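Just so it is clear, the structure is predicted and the values come from calculations on it, not from any experiment. Each chain gets a letter, A, B and so on, in the order the sequences are listed, and its residues count up from 1.
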Amino acid sequence: MPYWLMKTEPDAFSLQDLQRRGQEPWDGIRNYQARNFLRSMQTGDEVFIYHSRVPVPGIVGTAEVVCAAYPDPTQFDPQSKYYDPASHPDRPRWDLVEVAYRRTFAHGIALDILRTVPEFSASQLIRKGNRLSILPITSSQWQYVLQCAG
DNA sequence: GCCAACGTTGGC
DNA sequence: GCCAACGTTGGC
């Protein structure tokens, strides 16, 4: 599966922040389904960046996986808000991937729009109560959004 | 800021 | 193994 969507709250870390940094370890994922998706990501996979908890949630741009999954160091750091005392270094529970900034869409694609698009009708993204922060994207979904984004 | 929906935890 | 309680996510 070469396409993914990753959510972020721009108040905490935005696509613009990623653009400034160039590349970033996507840490803090603490959900097993999302972690399993992380583990199946490969270098070169393409990623939609989605802004949540904003007035108009939606897809705002793209990134690329530049480093495959490895153990998220924040799980072992007692100072981190992502610290997981139940995880042990010999058997890490949580992973991260590193992503690099690729582009910012001239026109973001709002969740409201995605709800009306047949390509997304089966996507977990538009399901009520969906809390999955990383999810797979089909090639037709990827192409649809790129076309809309201009 | 509210709260529905969901995942996780822990008592039993 | 059930399920109530709790914490978190994320649209609104």
Side-chain angles (χ1 to χ4, degrees), chain A residues 1 3-21 24-41 45-65 68-138 140-142 144-150:
Chain A
M1 177 68 72
Y3 303 110
W4 306 94
L5 179 144
M6 300 172 95
K7 294 181 185 174
T8 186
E9 295 183 26
D11 284 353
F13 190 81
S14 68
L15 179 61
Q16 289 69 37
D17 292 328
L18 180 60
Q19 183 173 19
R20 273 190 289 274
R21 305 246 198 140
E24 186 75 1
W26 204 267
D27 60 14
I29 300 298
R30 296 293 182 269
N31 167 283
Y32 287 106
Q33 196 178 355
R35 182 207 63 184
N36 292 341
F37 285 140
L38 279 177
R39 288 182 174 175
S40 60
M41 289 182 178
D45 285 2
E46 299 188 89
V47 178
F48 283 142
I49 300 297
Y50 178 97
H51 280 176
S52 64
R53 262 187 166 276
V54 286
V56 183
I59 297 169
V60 292
T62 66
E64 183 179 329
V65 176
Y70 62 89
D72 178 348
T74 63
Q75 71 195 302
F76 305 124
D77 177 7
Q79 312 301 333
S80 171
K81 64 176 173 177
Y82 301 125
Y83 178 55
D84 181 355
S87 183
H88 295 285
D90 53 341
R91 203 162 179 274
R93 179 178 292 185
W94 306 112
D95 281 12
L96 59 75
V97 300
E98 294 187 19
V99 299
Y101 173 83
R102 282 296 172 264
R103 64 176 286 206
T104 301
F105 293 146
H107 308 287
I109 314 298
L111 178 60
D112 276 355
I113 302 299
L114 295 176
R115 287 189 199 284
T116 71
V117 175
E119 281 84 350
F120 279 88
S121 61
S123 173
Q124 291 194 67
L125 184 63
I126 64 165
R127 279 223 287 272
K128 186 178 183 185
N130 162 51
R131 298 170 48 180
L132 190 58
S133 61
I134 295 177
L135 44 96
I137 290 290
T138 67
S140 65
Q141 289 167 349
W142 183 268
Y144 173 84
V145 170
L146 282 194
Q147 187 182 331
C148 283

A:Gln33 CD to C:dT9 P, in whole Å, measures 15 Å
A:Arg30 atom CZ is separated from C:dT8 atom P, nearest whole Å, by 13 Å
Rounded to whole Å, CD1 of A:Ile29 lies from C1' of C:dT8 at a distance of 13 Å
- Query: So, is A:Tyr50 close to the C:dT9 phosphate, meaning a side-chain N or O under 4.0 Å from OP1 or OP2?
  - Reply: no
When rounded to whole Å, the CD1 to P distance for the pair A:Ile134 and B:dG7 reads 15 Å
Closest to the 5' end of DNA chain B, once A:Arg93 and A:Lys128 are matched to their nearest nucleotides, is A:Lys128
Ion pair present between A:Arg93 and A:Asp72, side-chain N to carboxylate O less than 4.0 angstrom?
no
field: Within the 6.0 Å centroid threshold, strictly below: A:Phe48 and A:Trp142
entry: yes
Atom CZ of A:Arg35 and atom P of B:dT8 are separated, to the nearest Å, by 10 Å
Here the distance between atom P of B:dT8 and atom CG of A:Asp84, to the nearest Å, is 12 Å
- A:Thr116 side chain vs A:Ile113 backbone, donor-acceptor pair below 3.5 Å: yes
Of all heavy-atom pairs linking A:Phe13 and A:Glu24, the shortest is CZ-CG, 3.6 Å
Closest to the 5' end of DNA chain B, once A:Arg53 and A:Asn130 are matched to their nearest nucleotides, is A:Arg53
A:Ile126 atom CD1 is separated from C:dC12 atom P, nearest whole Å, by 12 Å
Atom OH of A:Tyr83 and atom P of C:dG7 are separated, to the nearest Å, by 19 Å
